[in-house]
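The structure appears below as structure tokens.
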Amino acid sequence: MLDTMPRRLPGLLLLLWPLLLLLLLLLPSPAAPTAPRPLARSGFRRLGTHGPGGSPGHRPAPAVPTGAPYSGAGQSGGTRGAGVCKSRPLDLVFIIDSSRSVRPSEFTKVKTFVSRIIDTLDIGAADTRVALVNYASTVKIEFHLQNHSDKQSLKQAVARITPLSTGTMSGLAIQTAMEKAFTVEAGARGPSSNIPKVAIIVTDGRPQDQVNEVAAQARAAGIELYAVGVGRADMESLKTIASKPLDEHVFYVETYGVIEKLSSRFQETFCAADPCVLGTHGCQHVCISDGDGRHHCECSQGYSLNADKKTCSAIDKCALNTHGCGHICVNDRSGSYHCECYEGYTLNADRKTCSVRDKCALGSHGCQHICVSDGAAAYHCDCYTGFTLNEDKRTCSAVEEARRLISTEDACGCEATLAFQEKVSSSLQRLNAKIDDILGKLQANEYGQIHR
């Protein structure tokens with residue numbers, strides 16, 4: 001039997017081979033080794049090719065419940081939602097290193113970085129003004145703060161800039177910006193305007209001149225300095241240049257390939273968040289944005305703002321006696337009011353004055369029993385069952401009493417008639433007696449004349 005095993009193995013392998021192939025396909029592939037992340041240096045922000053947990057240079061956006069609005073606040077890597085952020089007005093000067101260490105393609109990326117920051121700003125004479133200082137061993141102001149008041153012309157001017165391709169005189173560049181770019185004559189706004197003065201310096205090397213003293217002078221003059229280092233940039237020099245706190249004013253990227261990512265960081269830095277849009281205003285009724293991150297609360301019609309400048313209380317317009325109601329003023333919950341009328345009156349089309357609807361309802365009709373309305377201003381009186389209306393058309397008498405009165409009147413009428421009849425009869429009798437006496441005398445007189 002053992003002699004036959006070797007001969008049977010190839011047949012078994014042929015039968016099992018499809019199963020083995022299927023198992024190999026189903027097994028997970030071994031995990032690729034994780035590349036080590038570069039160590040961050042203290043005192044500055046770092047953007048590199050291995051950003052934590054997301055695309056290069058970005059923090060992952062916070063999770064948002066489905067259907068819930070999201071303003072973009074807290075997103076480091078993306079632009080904040082339109083309408084949520086309005087950039088503060090600035091006098092902004094870019095100081096760009098174009099020494100020979102910066103290759104043409106890299107200098108193009110720097111210009112793209114500048115243009116993207118411009119895209120996030122509100123550019124205009126009353127908003128942000130931008131100038132650009134180009135430097136190497138010499139310094140050239142490419143355009144002043146007063147030269148461009150719209151994004152399109154500003155970005156076109158940035159696109160036309162060419163590198164100077166010599167040494168790295170960072171101190172001279174900062175001094176030129178301070179003495180010639182940040183002047184009222186060059187378009188900067190004076191101290192009374194309270195417009196911040198900001199400079200962003202971008203370099204990839206070590207300064208060939210002293211920067212400590214001139215940077216301190218610039219900061220003392222009220223210029224806020226941001227330092228962006230690329231690749232071989234000297235970090236100590238960047239921290240010497242920048243304003244404090246350093247972790248908000250010093251940035252570092254490993255290559256020019258990711259410098260564009262910093263534009264969103266500067267957008268957040270220069271953004272004046274609109275609390276009216278973010279919903280953090282605390283206004284009970286209406287939030288009004290005043291720009292530059294400021295706001296105030298107002299109330300709906302019929303309400304007044306309370307002392308806390310946030311909540312509202314209904315105005316008692318009826319108590320103000322300006323309502324114009326003819327009879328009754330009634331306050332509504334909405335802070336408005338409406339007019340009503342007394343009983344027996346109806347509200348006219350003007351919704352303020354009143355007209356008599358039912359004089360019976362007024363109680364001044366004078367009816368003893370029942371008042372019956374005959375229209376807007378007419379009425380008549382009626383009596384309860386068993387009573388009849390008297391001649392005054394207002395009072396009522398019981399029906400039996402009326403009959404008694406009628407009977408009494410009838411009896412009195414009969415007695416008067418009988419007395420009259422007896423009087424007439426007596427008078428007729430006396431008249432007949434007198435007539436008979438007269439006739440008798442006439443006949444006697446006539447007989448006497450005949451017999452004479």
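Predicted model, so just to flag it, every value in this text is computed and none were measured. What's counted below: heavy atoms across the whole structure, side chains too, no hydrogens, waters or symmetry copies.
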Legend entry - Side-chain donor or acceptor of R129 paired with backbone N/O of H144 under 3.5 Å: no
Inset, instruction - Without swapping roles, check the side chain of R394 against the backbone of L389 for a donor-acceptor pair under 3.5 Å. - result: no
Legend entry - Shortest non-hydrogen separation from D382 to H369 and the atoms involved: O-CB, 3.3 Å
Inset, instruction - State whether the side chain of Q368 and the backbone N or O of C396 hold a donor-acceptor pair below 3.5 Å, judged by distance alone. - result: yes
Inset, instruction - Report yes if the SG atoms of C367 and C381 are separated by under 2.5 Å, and no otherwise. - result: yes
Legend entry - Neighbour count above 12 (heavy atom, 6.0 Å) for Q156 CD: yes
Legend entry - Donor-acceptor under 3.5 Å (D350 side chain, T353 main chain): yes
Inset, instruction - Could you tell me whether E391 and K393 have a side-chain N and a carboxylate O separated by less than 4.0 Å? - result: no
Inset, instruction - Assess the side chains of Y226 and E224: does a donor N or O sit below 3.5 Å from an acceptor N or O? - result: yes
Legend entry - Under 3.5 Å: donor-acceptor pair, side chain of N306, backbone of D308: no
Inset, instruction - Give a yes/no on whether the SG-to-SG distance for C287 versus C297 is below 2.5 Å. - result: no
Inset, instruction - Ignoring hydrogens and angles, tell me if any N or O in the side chain of R189 forms a donor-acceptor pair with the backbone of L90 under 3.5 Å. - result: yes
Inset, instruction - Mark yes or no for whether R100, through its side chain, and G167, through its backbone, hold a donor-acceptor pair below 3.5 Å. - result: no
Legend entry - Ion pair check, K109 and E106, cut-off under 4.0 Å: no
Legend entry - Residues D119, K155: salt bridge by 4.0 Å N-O rule: yes
Inset, instruction - Tell me, with the steps shown, if S313 and Y303 meet side chain to side chain donor-acceptor pair (under 3.5 Å). - result: CA-CA 5 Å; S313 296; Y303 289 79; over 6 Å; no
Inset, instruction - State the CG-CD1 distance between L92 and I117, to the nearest 0.5 angstrom. - result: 7.5 Å
Inset, instruction - Determine whether more than 12 heavy atoms belonging to other residues, nucleotides or ligands lie under 6.0 Å from atom NZ of K151. - result: yes
Legend entry - Heavy-atom side-chain proximity of I141 to L132 below 4.5 angstrom: no
Legend entry - Whether D150 side chain and I123 backbone form a donor-acceptor pair below 3.5 Å: no
Inset, instruction - Compare every heavy atom of P89 with every heavy atom of P196, then report the nearest pair and how far apart it is. - result: CD-O, 3.3 Å
Inset, instruction - Using the ring-ring contact (aromatic ring centres under 6.0 Å, His included) rule, take F251 and F266 through it: C-alpha gap first, then chi angles, then the decisive distance, then the call. - result: CA-CA 10 Å; F251 298 88; F266 279 102; 5.1 Å; yes
Inset, instruction - Give the minimum heavy-atom separation between K310 and G282, together with the two atoms involved. - result: CB-O, 3.6 Å
Legend entry - Step-by-step disulfide bond (SG atoms under 2.5 Å apart) determination, C318 to C325: CA-CA 9 Å; C318 293; C325 296; over 6 Å; no
Legend entry - S397 and N390: side chain donor to acceptor below 3.5 Å: yes
Inset, instruction - Would you check, one step at a time, whether the test side chain to side chain contact (heavy atoms under 4.5 Å, CB included) holds for I174 with I201? - result: CA-CA 8 Å; I174 295 171; I201 183 168; 4.1 Å; yes
Inset, instruction - Locate the shortest heavy-atom distance separating V102 from D97; write the atom from each residue and the value. - result: CG2-O, 3.8 Å
Legend entry - T128 (side chain) donor-acceptor with G124 (main chain) under 3.5 angstrom: no
Inset, instruction - Identify the heavy atoms of M178 and F182 that sit nearest to each other, and give their distance. - result: O-CB, 4.0 Å
Inset, instruction - Would you check if there is a donor-acceptor pair between the side chains of S355 and N348 at a distance under 3.5 Å? - result: yes
Legend entry - Flag, side chain of T138 to backbone of Y135, donor-acceptor distance under 3.5 Å: no
Inset, instruction - Would you kindly say whether the two SG atoms, from C339 and from C329, are closer than 2.5 Å? - result: no
Legend entry - Side chain proximity check, L225 to I223, heavy atoms < 4.5 angstrom: yes
Inset, instruction - Assess whether side chain to side chain donor-acceptor pair (under 3.5 Å) is satisfied between T240 and N212, documenting all intermediate values. - result: CA-CA 6 Å; T240 300; N212 300 37; 4.6 Å; no
Legend entry - Residues H338 and D332: side-chain donor-acceptor under 3.5 angstrom: yes
Inset, instruction - Evaluate whether atom NZ of K140 has more than 12 neighbouring non-hydrogen atoms of other residues, nucleotides or ligands under 6.0 angstrom away. - result: no
Inset, instruction - Go through the steps to decide whether E268 and R265 satisfy the test salt bridge (Lys or Arg N to Asp or Glu O under 4.0 Å), and finish with yes or no. - result: CA-CA 5 Å; E268 290 183 354; R265 294 287 185 92; 5.6 Å; no
Legend entry - Atom CD of Q146: over 12 foreign heavy atoms under 6.0 Å: yes
Inset, instruction - Have a look at T168 and tell me which of D234, D204, T203 forms a side-chain contact (heavy atoms from CB on, under 4.5 Å) with it. - result: T203
Inset, instruction - Apply side chain to side chain contact (heavy atoms under 4.5 Å, CB included) to L145 and V93, showing your working. - result: CA-CA 8 Å; L145 292 168; V93 176; 4.3 Å; yes
Inset, instruction - For residues I95 and A177, report the shortest heavy-atom separation together with the two atoms involved. - result: CD1-CB, 3.8 Å
Inset, instruction - Enter the distance from T346:OG1 to E340:CD here, rounded to the nearest 0.5 Å. - result: 11.5 Å
